[in-house]
Amino acid sequence: MTRSRVALLCALGIDNFGSGLFLPLALVYVTRVVGVPLALAGTAVTLGTLAGLAVPPLAGRLVDRTGSRAVIVGAQLLQAAGAVAYLISDGVVEVVVAAVLLATGQQLFYSSLYALIADVAGDVPKDRPFAEVGMVRAGGFGLGGLTSSVILLWIGDGGYSVALAVDVVSFVVAAALIAGAVRPRRRTAVTTKAPSGVLRNRPYLALILFSGMFGLSLDFFLIGTPVFVLDLLHGPRWLPGAILFLLTVVTSVGGTIALRLTRRLNRVAAMRGGSALFAAWCVVSLGVLIVPRSWQVAYLLAATLVYAAGDLVFGPRSGALAEAAAPPEAKGRYLAAFQYAFTVAQVLAPAVVALFAVSAWLPWVLVGACACLAVAGLGRLGPRLPADAVTPVQS
């Protein structure tokens with residue numbers, strides 16, 4: 001592994017450690033420390049998320065013009081500014097400004113991350129580099145979440161500000177490490193007949209759509225699990241944390257293992273398998289409603305393993321396919337557009353979770369149906385994507 005790859009993995013681990021410290025606590029921080037009522041706090045954070053939707057097209061053009069490293073460093077510093085703005089906020093206006101800065105930095109970061117990973121990895125299939133990054137980021141985020149719990153237990157409400165201050169430092173350190181030690185390789189100029197405009201490339205738009213169905217499953221898992229476990233099943237308070245911890249452990253160690261186990265599958269086939277596992281997770285999770293109460297904890301932990309398997313199989317392959325299918329001269333713009341698969345899912349997921357107010361089964365059926373559509377759609381999409389992107393030549 002090259003020095004640049006090691007430095008990038010360290011920087012992303014530090015970045016996600018800081019994010020794990022604060023991001024899950026952002027809304028609680030605004031209500032308890034800043035003193036903004038919950039309804040206004042939720043609206044302010046949502047405004048920040050919506051503002052971030054405008055960032056990917058700009059990010060893609062910046063990556064193609066200035067390079068992925070410069071954009072990532074700028075994104076880290078912008079997120080640090082957003083965290084500082086939260087730290088000094090004393091009212092709803094300041095919270096909105098902080099939320100916009102942080103969300104803009106996040107979208108700028110995610111819109112250029114795949115390009116930076118690809119540029120550092122060089123001319124090799126990107127499945128393993130994406131899997132390694134996924135493992136490091138999952139481990140860093142989980143460790144940050146665990147650390148924030150310890151800080152809050154030790155300090156109390158003052159721990160929210162401590163976690164936020166450490167988050168600021170993590171962004172700055174990660175930016176410095178990427179700027180000083182990460183050396184992306186120059187892209188090879190390649191002539192391609194693929195359309196340079198993403199909106200004219202229908203197969204790529206379909207790839208974004210089906211990857212968005214993966215993103216919906218991910219966000220539904222993260223925000224829907226606590227609602228389902230605590231409000232509908234009336235399970236123990238520690239269970240959502242235990243489920244998230246289990247997912248973190250599995251995904252932080254299993255990325256490269258999943259690649260080896262599925263090495264005979266091309267990228268589309270692996271993504272279809274991951275989507276099928278997401279659908280199975282929805283069916284299995286819905287089954288908890290008919291399981292004896294004494295078995296529900298063990299049952300839901302087992303269901304989490306099904307979800308984790310789908311995540312491990314689908315995640316790295318979708319990123320690698322998106323990178324390989326993008327025209328070299330417009331890779332930054334294409335990979336930034338690919339980020340919409342996850343950005344839109346973040347916006348839609350709360351509305352899907354809200355359907356638990358209608359019935360306990362409706363959200364599961366909806367998310368499971370999207371996963372099934374992805375299985376079918378990816379099967380038809382595969383032949384329309386570049387053959388060397390679907391089945392790369394292994395080096």
Side-chain angles (χ1 to χ4, degrees), residues 16 19-20 23-25 131 134-150 152-153 213-262 273-316 345 349-350 352-353 355-356 359-368 370-372:
N16 269 58
S19 296
L23 285 184
L25 304 175
M135 292 165 61
V136 169
R137 295 184 70 224
F141 193 89
L143 183 59
L146 182 63
T147 302
S148 68
S149 298
V150 173
L152 290 173
L153 185 64
M213 293 177 180
F214 158 72
L216 179 61
S217 296
L218 176 62
D219 286 290
F220 175 74
F221 175 90
L222 292 176
I223 67 174
T225 294
V227 175
F228 184 66
V229 169
L230 299 178
D231 293 351
L232 278 79
L233 299 180
H234 306 291
R237 291 185 178 181
W238 54 265
L239 183 53
I243 289 173
L244 183 59
F245 177 76
L246 176 61
L247 176 68
T248 299
V249 171
V250 174
T251 53
S252 63
V253 301
T256 53
I257 296 173
L259 279 180
R260 286 198 299 269
L261 293 176
T262 59
S275 295
L277 285 168
F278 289 144
W281 165 67
C282 290
V283 173
V284 171
S285 296
L286 192 55
V288 76
L289 296 174
I290 60 175
V291 166
R293 187 170 181 81
S294 60
W295 295 2
Q296 286 183 348
V297 169
Y299 185 91
L300 288 173
L301 291 173
T304 301
L305 296 178
V306 179
Y307 175 86
D311 189 7
L312 289 171
V313 172
F314 192 107
V352 176
V353 173
L355 293 176
F356 277 129
S359 72
W361 56 266
L362 184 57
W364 295 109
V365 171
L366 183 59
V367 175
C370 286
C372 291

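If you read the sequence from its start, that first residue is 1, and numbering goes on from there. It should be emphasised that the depicted structure is a prediction, and the values quoted were computed from it without experimental measurement. Reckoned from all heavy atoms, side chains included, excluding hydrogens, waters and symmetry mates.
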Inset, instruction - Mark yes or no for whether Tyr299, through its side chain, and Pro292, through its backbone, hold a donor-acceptor pair below 3.5 Å. - result: no

Inset, instruction - Calculate, to the nearest 0.5 Å, the distance between atoms CZ and SG belonging to Phe220 and Cys370 respectively. - result: 11.0 Å

Legend entry - Reported CD1-to-OH distance for the pair Ile243 and Tyr307, which is rounded to 0.5 angstrom: 12.5 Å

Legend entry - Interatomic spacing from CG in Leu233 to CG in Leu300 - rounded to 0.5 Å: 6.0 Å

Legend entry - Any donor-acceptor pair under 3.5 Å from Asn16 side chain to Gly140 backbone: no

Legend entry - Closest non-hydrogen atom pair between Ala349 and Asp219, with its separation: CB-CB, 3.5 Å

Legend entry - Interatomic distance, Gln296 atom CD to His234 atom NE2 [nearest 0.5 angstrom]: 10.5 Å

Legend entry - Heavy-atom closest pair, residues Asp311 and Pro316: O-CD, 4.0 Å

Legend entry - Worked verdict on Leu362 versus Val352 for side-chain contact (heavy atoms from CB on, under 4.5 Å): CA-CA 9 Å; Leu362 184 57; Val352 176; over 6 Å; no

Legend entry - Gap between atom CG of Leu152 and atom OG1 of Thr147 - 0.5 Å precision: 11.0 Å

Inset, instruction - For Ser217 and Val367, work out which heavy atoms get closest and say how close. - result: OG-CG1, 3.6 Å

Legend entry - Phe278 and Phe314 aromatic ring geometry - parallel, tilted or perpendicular at 30°/60° bounds: tilted

Legend entry - More than 12 heavy atoms from other groups under 6.0 Å of CZ on Phe245: no

Legend entry - Taking every non-hydrogen atom, the tightest pair across Ala345 and Gly215: CB-C, 3.4 Å

Legend entry - Of Leu305, Thr304, Leu301, the residue whose pairing with Leu247 passes side-chain contact (heavy atoms from CB on, under 4.5 Å): Thr304

Inset, instruction - Can you measure from CG (Leu286) to CH2 (Trp281) and round to the nearest 0.5 angstrom? - result: 11.0 Å

Inset, instruction - Taking all heavy atoms of Leu312 and all of Ala258, pick out the closest pair and write down the distance. - result: CB-CB, 3.8 Å

Inset, instruction - Dump the intermediate steps for side-chain contact (heavy atoms from CB on, under 4.5 Å) on Asp231 and Phe356, then the final yes or no. - result: CA-CA 9 Å; Asp231 293 351; Phe356 277 129; over 6 Å; no

Legend entry - Sidechain-backbone polar pair: Ser148 side chain, Gly145 backbone, donor-acceptor under 3.5 Å: yes

Inset, instruction - Answer yes or no: is there a donor N or O on one side and an acceptor on the other, between the side chain of Thr225 and the main chain of Leu222, under 3.5 Å? - result: no

Legend entry - Heavy-atom closest pair, residues Gly142 and Thr248: CA-CG2, 3.6 Å

